[in-house]
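Beneath this line is the structure, given in structure tokens, with notes to follow.
Start at 1 and go down the list; that is how both ligands and their atoms are numbered. Both backbone and side-chain heavy atoms feed into the values below; hydrogens, waters and symmetry mates do not.
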Amino acid sequence: MLVAYEHVAADAVRFLRGHPRTGSVIISLAGAGILGKVVLYFWYRHCTNKKRQDRRDKAQTRTKRVAENVAEVTNSDLIVKKSIKELREALHNGKLSSLEVLKAFQKEALRVTKDINCVTEPIEDAEELAKHLDASKEVKRLLHGIPVSIKENIAIAGYDQTAGMAVHIGDIACEDAVLLQVLKDHGAIPFMRTNIPQTMLSYDCTNPLYGTTFNPLDWSRTPGGSSTGEGALIGGGGSIMGIGSDIGGSLRIPADFCGIFTLKPTWDRISRKGMMTHSRGNLSVRPVLGPMARDFDSLLLLTRAILSPNMYELDPLVPPLPFDIKEYEKTSPLRIGFYTYDGTFQCQPSNVRAVMEAKAALEAMGHEVVHFDFPTMMGEGFKGCKYYVHVLVPDRLAKLRKLLANDKVSSAISLNLKLGQLPVWLCKAAEFIIGFKDQMLASVFGAAVGFKSVEEYIDKVQDLEDFRQRFMDAWLDMALDAVICPVFPSPAPTRDLVGMVSPAGIYCWLFNAVNYPAGVVPVTQVTKEDLDKTFDPKHFQPRNVYEKLLLKSTKGSEGHSIGVQCVALPYKEELCLRVMRDLTQALGKRS
Ligand SMILES: CCCCCCCC/C=C\CCCCCCCC(=O)NCC(=O)O
């Protein structure tokens, strides 16, 4: 092979010597080509920077306008501190107008975002909507006059959805997402757009367009992702409720890390029309939109409004299953499974305690809570990671790399993008060799290999289908109504480490992989005793690189919020909410 190249090179040199003028033309063309590429590179960079700056300027103009408009508001803290029940009463009996409530929340949201950068921009027609509601004589609806914040990837007519990527700047939506139309039909006022990590495949939130979002409870810790701005704005008190999305924990992890409530629904229970995602063509694991809220009552109200018949009229692909209030209101005792270990990551003492406290609280409410020993997942924890991530990124993130070709790439996703560029043989070798010492890390390499044929891809999706069936069988064998379990194995990691520990999202991935509704209830806070145990090798010993990194980042997490997941069978969102209601009530956390 090398000999052949040597011949070609020698022939080329001989040719150039014999034809000096042709030679100089070829060399000039090659030089011009290289120069052209360099010029183009800098030109693209300049254009992309300008595009970003123009977009930021537009967002700032919108923010400035609203800030000026609410500068005179003086009673905002009185309004934003009202419970959802009090707020609705005041709006219904006319003690507060929709415009007053909107202005109070605009002011509060702008105050919160000044510190933690969770809002990308205000939504301009919010005031018009509020004035229209105040002037109308119509019967007050479920969300009459309630401001709702919206994740940046959800279509709003006249706005672009970028996921922090320059390539999408200026892709203006012509109409609102169906979910937004449903909320507006209920009298809600979408008022702020919230920040997301670049590409949305990350549990930290930073992008070159709108910058970094911080956790309102502790600025050094990640607020979670990818519905980061929602979690941070609601957790920081700047919004009562909002809409996010989830394909691998993006509703649940920010809810857990910011101390709020959420419900990830079954795939098609809520319309996805108008949701921007790079996983749209992937039918094996699908993203969903879902509600997030500062307390249980607000979450319930928002979910009831979403699951209403006008959603099926606007999007007939959604099965016509309106909110079943009778199912939700039932009080009969349930049989609930629990676990604190899924065979992959060990949970730290604070996260184990959260589940055990939730168990005790549910038992106090009369439910039977039994250990859910799901042999399929226990034996297959690491494969579970492969099933999920492997089919989530069948193209080894090639599409995203293309879309980011002329963009600045945020640190939180660059590691995964690079992983997808390693030669397949190297990933397979790494999986094999590292597997002797650290199965979790090995499984990440195993999931990053893509597929060499369509048959292989179909086989993997089939494996996932089989896994779903085994999981369902284990659940049904134990005659469970619901399950409670950890959201994450540790408190929110610090921002410097979160990009390296994304496989710890596996406690959430499971319910994307099997497609069960899963909610989050904040249960407790990290105590000094938890930390003493966590750093005492007699109680807790990290077993792999991820557990070591998580342990490192747990230092100083005292007081941080820890939630649990409440899970029900597919399409049983009402039952899931019932468990969340009883848990919240038992913990005394109802608004
Ligand atoms: C090609 C190589 C990639 C392999 C990377 C394997 C290890 C990294 C682990 C996890 C990556 C997946 C994280 C999933 C984040 C999902 C966040 C989410 O739910 N987003 C919502 C949305 O997209 O709407």
Report summary line: of all protein heavy atoms, closest to atom 10 (C) of ligand 1 is Trp509 CZ2, 3.6 Å
Query raised in the report: Can you tell which of Ile434, Asp438, Val501 makes a side-chain contact (heavy atoms from CB on, under 4.5 Å) with Val545?
Result: Asp438
Requested in this report: Provide, to 0.1 Å, the distance between atom 2 (C) of ligand 1 and the closest protein heavy atom, together with that atom's residue and name.
Outcome: Ala448 CB, 3.6 Å
Query raised in the report: Which of the atoms in ligand 1, numbered in the order shown and given with their element, are less than 4.0 Å from a heavy-atom of Val389?
Result: 6 (C)
**Report entry** Heavy atom of the protein closest to atom 11 (C) of ligand 1 (residue, atom name, distance)
**Finding:** Asn416 ND2, 3.8 Å
Query raised in the report: Is any N or O atom of Pro287, backbone or side chain, closer than 3.5 Å to an N or O atom of ligand 1?
Result: no
Report task. Please report which non-hydrogen protein atom sits nearest to atom 13 (C) of ligand 1, along with the residue it belongs to and the distance in Å to one decimal place. Result -> Tyr203 OH, 4.2 Å
Report task. Would you please test Ser279 and Asn282 for side chain to side chain donor-acceptor pair (under 3.5 Å) and show each step? Result -> CA-CA 5 Å; Ser279 320; Asn282 188 340; 5.9 Å; no
Query raised in the report: Which atoms of ligand 1 sit under 4.0 Å from any heavy atom of Gly249?
Result: 19 (O)
Report task. Around atom 12 (C) of ligand 1, find the nearest protein heavy atom and jot down its residue, atom name and distance. Result -> Leu392 CD2, 4.1 Å
Query raised in the report: For Arg495 and Asp204, what are the C-alpha separation, side-chain angles and deciding distance, and is it a salt bridge (Lys or Arg N to Asp or Glu O under 4.0 Å)?
Result: CA-CA 7 Å; Arg495 287 209 48 250; Asp204 194 28; 2.9 Å; yes
Query raised in the report: If you measure from each heavy atom of Thr277 to ligand 1, is any distance below 4.0 Å?
Result: no
**Report entry** Trp509 and Tyr388 aromatic ring geometry - parallel, tilted or perpendicular at 30°/60° bounds
**Finding:** parallel
Query - Donor-acceptor under 3.5 Å (Gln181 side chain, Leu314 main chain) - result: no
Requested in this report: Check ligand 1 against Ser245 and write out every atom of the ligand that is under 4.0 Å from a heavy-atom position of the residue.
Outcome: 22 (C), 24 (O)
**Report entry** Distance, nearest 0.5 Å, that separates CZ of Arg286 from CG of Asp268
**Finding:** 6.5 Å
Query raised in the report: What do you reckon, does Gly248 have a nitrogen or oxygen under 3.5 Å from a nitrogen or oxygen of ligand 1?
Result: yes
Query - Residues Lys437, Glu431; criterion salt bridge (Lys or Arg N to Asp or Glu O under 4.0 Å); working and verdict - result: CA-CA 10 Å; Lys437 202 161 160 39; Glu431 182 189 13; over 6 Å; no
Query raised in the report: Of the choices Pro394, Cys508, Ser250, which has the non-hydrogen atom that lies closest to atom 18 (C) of ligand 1?
Result: Ser250
Query raised in the report: Run the salt bridge (Lys or Arg N to Asp or Glu O under 4.0 Å) check on Arg55 and Glu121 step by step: do they pass?
Result: CA-CA 10 Å; Arg55 184 64 187 86; Glu121 62 192 340; 2.6 Å; yes
Query raised in the report: Are there more than 12 heavy atoms of other residues, nucleotides or ligands under 6.0 Å from atom NZ of Lys51?
Result: yes
Report task. Compute the minimum heavy-atom distance from Ser226 to ligand 1 and say whether it is under 4.0 Å. Result -> yes
Report task. Would you mind running through ligand 1 and noting each atom that sits below 4.0 Å from a heavy atom of Val444? Result -> 6 (C), 7 (C)
